[in-house]
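A short write-up of the structure that comes next.
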Protein chains: 2
Amino acid sequence: MADDKNSRPARSAGHRALPKSEATRQKIIEAAAAVLAERGYAGTKLSDIGARAGMQAGSLYYHFDDRDDIVDQVLQRSIRGVYERVRGAVEALPPNSGELVCLQTAISEHLTVILESSDVSSAALRLLGQLPPESQRKYRNDQRTYGDYWHDIIVAGQASGSIRGDIDPVRLRLFIIGQLNWVSEWPKSAIDSRENVHREAMALIMGGVTGPVG
Amino acid sequence: MADDKNSRPARSAGHRALPKSEATRQKIIEAAAAVLAERGYAGTKLSDIGARAGMQAGSLYYHFDDRDDIVDQVLQRSIRGVYERVRGAVEALPPNSGELVCLQTAISEHLTVILESSDVSSAALRLLGQLPPESQRKYRNDQRTYGDYWHDIIVAGQASGSIRGDIDPVRLRLFIIGQLNWVSEWPKSAIDSRENVHREAMALIMGGVTGPVG
DNA sequence: GTCTATACGACGATAGAC
DNA sequence: GTCTATCGTCGTATAGAC
């Protein structure tokens with residue numbers, strides 16, 4: 001649990017929210033996410049990250065320990081970022097909203113994150129599978145936390161009857177999230193407007209291909 | 001269009017279907033697919049492929065021109081393989097089967113391929129996105145052929161009213177195929193039996209989370 | 001903080017023995 | 001057909017100037 005970098009900057013007295021070094025870290029992480037998303041884990045070279053962040057490869061070592069440290073930050077932020085966004089959206093619902101509304105909100109927000117940050121947030125999704133197995137373990141907890149959050153919504157919905165009960169809740173979640181995640185692989189030409197993607201995704205997940213009335 | 005390897009072996013007179021060299025090619029391609037699926041494009045080393053195929057890295061060059069040639073074969077077989085399987089299944093239906101049945105058959109067969117060859121066939125799906133953009137062009141045709149096949153089914157179904165018409169047919173296809181493709185990313189623990197996955201995927205895609213009767 | 005230069009290892013690819 | 005040995009290249013990481 002040695003973690004000297006995440007609470008940076010630990011300087012004398014906090015005054016500004018984004019000191020220069022932190023802003024640069026941000027820029028590097030975003031650059032790395034972009035490269036990771038399009039080249040994959042092993043295909044991401046420090047020179048690419050540096051180029052996109054406007055500096056030389058060697059300069060990255062001032063801000064990060066090594067290559068994996070950068071990848072690490074991208075993944076952490078992505079996974080936790082999606083979770084916080086979705087949880088925030090669901091918790092913003094009026095109290096006693098039905099489970100179906102919670103599910104719809106989670107779907108909508110998850111999709112929003114994918115559509116708006118097609119780099120930073122969707123990079124993680126495609127990356128987890130290509131990491132060396134040991135590295136994957138580090139993110140299992142964050143992944144499971146997010147999965148559990150969905151799981152609870154789905155199970156509650158099935159108990160109340162608002163969500164069909166003849167599909168295993170784990171697989172139901174995996175089907176839904178998988179369908180949404182794959183949007184990050186779409187050709188850009190298929191996304192004419194985010195509104196359409198949202199509306200149609202919701203319509204399909206809710207009512208299926210035969211439509212809301214069977 | 002120089003393509004001297006694909007029609008191998010071009011030996012004196014055909015006698016056996018699988019001469020040794022062709023069998024070895026097969027084994028290498030399968031090994032490569034396995035490594036590609038778990039390490040990604042750039043993460044796949046010739047030494048890994050060789051190890052899994054039971055030979056040294058240098059020996060691979062007897063069967064293939066270079067690294068990209070191997071990746072190429074994996075992708076070609078995967079994309080075309082799924083297409084042929086799905087088309088075969090749909091064409092095996094009794095004539096004048098409804099479009100909805102065609103769609104269901106396509107879904108079922110696509111999922112079957114993913115579940116049974118979680119290496120060879122699913123490797124391609126995740127790979128296309130991480131290839132250097134120039135390389136991607138080579139597979140666009142095969143991809144489009146497969147997409148068009150689904151497209152025709154969906155459009156016909158929408159015309160006849162058996163498939164809801166309020167979702168863009170291109171996105172409807174992408175949603176469905178994406179949901180199925182993502183199954184290759186599932187933790188193995190989520191697949192207790194292929195039958196269950198099939199049944200539930202079909203139920204969800206057909207009727208949505210609210211169930212077949214709304 | 002960022003640069004250039006360099007040490008070092010890893011991987012793709014080739015050559016030649018068997 | 002497959003092996004071992006080797007070369008060349010590229011990418012990570014470090015060192016030290018600015």
Side-chain angles (χ1 to χ4, degrees), chain A residues 4-5 8-12 16 18-32 34-36 38-74 127 130-132 134-135, chain B residues 4-5 8-12 16 18-36 38-75 127 130-132 134-135:
Chain A
D4 56 292
K5 285 280 184 57
R8 285 257 232 93
R11 286 178 295 94
S12 41
R16 267 198 307 149
L18 269 184
K20 175 123 189 292
S21 77
E22 186 60 21
T24 306
R25 266 177 75 86
Q26 265 304 340
K27 194 165 57 182
I28 294 173
I29 290 174
E30 278 161 27
V35 180
L36 283 165
E38 73 182 30
R39 301 278 180 188
Y41 171 70
T44 296
K45 297 174 282 191
L46 293 181
S47 55
D48 294 333
I49 299 176
R52 212 180 265 252
M55 62 179 64
Q56 297 301 312
S59 310
L60 299 171
Y61 286 85
Y62 177 81
H63 301 276
F64 297 90
D65 291 340
D66 56 15
R67 183 179 179 277
D68 278 346
D69 187 23
I70 301 179
V71 178
D72 207 66
Q73 297 303 315
V74 173
L127 238 62
Q130 2 172 345
L131 287 180
E134 329 82 71
S135 312
Chain B
D4 56 292
K5 284 280 184 58
R8 286 256 230 93
R11 287 177 293 97
S12 41
R16 269 198 307 149
L18 269 185
K20 176 123 188 293
S21 77
E22 187 60 22
T24 306
R25 267 176 74 86
Q26 265 305 341
K27 193 165 56 179
I28 293 173
I29 290 174
E30 279 162 26
V35 180
L36 284 165
E38 72 182 31
R39 303 276 181 189
Y41 171 70
T44 297
K45 297 174 280 191
L46 293 181
S47 54
D48 294 334
I49 299 176
R52 213 181 265 250
M55 62 179 64
Q56 297 300 313
S59 309
L60 299 171
Y61 285 85
Y62 177 81
H63 302 277
F64 298 90
D65 292 340
D66 55 15
R67 183 179 179 277
D68 278 346
D69 187 23
I70 301 180
V71 177
D72 207 64
Q73 297 303 316
V74 173
L75 287 171
L127 239 61
Q130 5 172 346
L131 287 180
E134 329 82 72
S135 311

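Residue numbering restarts at 1 for every chain, and letters A, B, ... go by the order of the sequence lines. Quick caveat: nothing in here was measured; it's all calculated off a predicted structure.
- Rounded to whole Å, the distance from CD on A:Gln56 to C1' on D:dA13 is 15 Å.
- The interatomic distance linking A:Tyr41 (OH) with D:dG11 (P) rounds to 15 Å, in whole Å.
- The phosphate of C:dG1 has neither OP1 nor OP2 within less than 4.0 Å of any side-chain N or O from A:Ser59.
- The OG atom of B:Ser59 sits 11.0 Å away from the CG atom of B:Leu46 when rounded to the nearest 0.5 Å.
- For C:dG1, neither phosphate oxygen OP1 nor OP2 lies less than 4.0 angstrom from any side-chain nitrogen or oxygen of A:Thr24.
- Counting to the nearest Å, the C1' atom of D:dT12 and the CD1 atom of A:Ile70 are 11 Å from each other.
- Between B:Gln73 atom CD and B:Gln26 atom CD the span is 10.0 Å, to the nearest 0.5 Å.
- Near DNA chain C, defined here as any heavy-atom distance below 4.0 Å, the residues from residues 42-49 of chain B are B:Thr44, B:Lys45, B:Leu46, listed numerically.
- Counting heavy atoms from C-beta on, the side chains of B:Leu127 and B:Val74 never come closer than 4.5 Å.
- Spacing between atom OH of B:Tyr61 and atom C1' of C:dC11 amounts to 9 Å, rounded to whole angstrom units.
- Between the NE2 atom of A:His63 and the P atom of D:dT12 there is a distance of 17 Å, rounded to whole Å.
- A straight line from CG of A:Asp69 to P of D:dA13 spans 10 Å, rounded to a whole angstrom.
- At a threshold of 4.5 Å between non-hydrogen side-chain atoms, the residues B:Ile28 and B:Met55 count as touching.
- Distances shown here put a side-chain N or O of A:Tyr62 below 4.0 Å from the OP1 or OP2 atom of C:dG1.
- At least one side-chain heavy atom of A:Thr44 sits less than 4.5 Å from a side-chain heavy atom of A:Arg67.
- Each of A:Val71, A:Asp72, A:Ile70 was scored for a side-chain contact (heavy atoms from CB on, under 4.5 Å) with A:Phe64, with one residue passing: A:Ile70.
- Note: CZ (A:Phe64) to P (D:dA13) measures 13 Å, nearest angstrom.
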Would you check, one step at a time, whether the test side chain to side chain donor-acceptor pair (under 3.5 Å) holds for B:Asp69 with B:Tyr61? CA-CA 10 Å; B:Asp69 187 23; B:Tyr61 285 85; over 6 Å; no

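- Atom CZ in A:Arg67 sits roughly 9 Å away from atom C1' in D:dG11 (whole-Å rounding).
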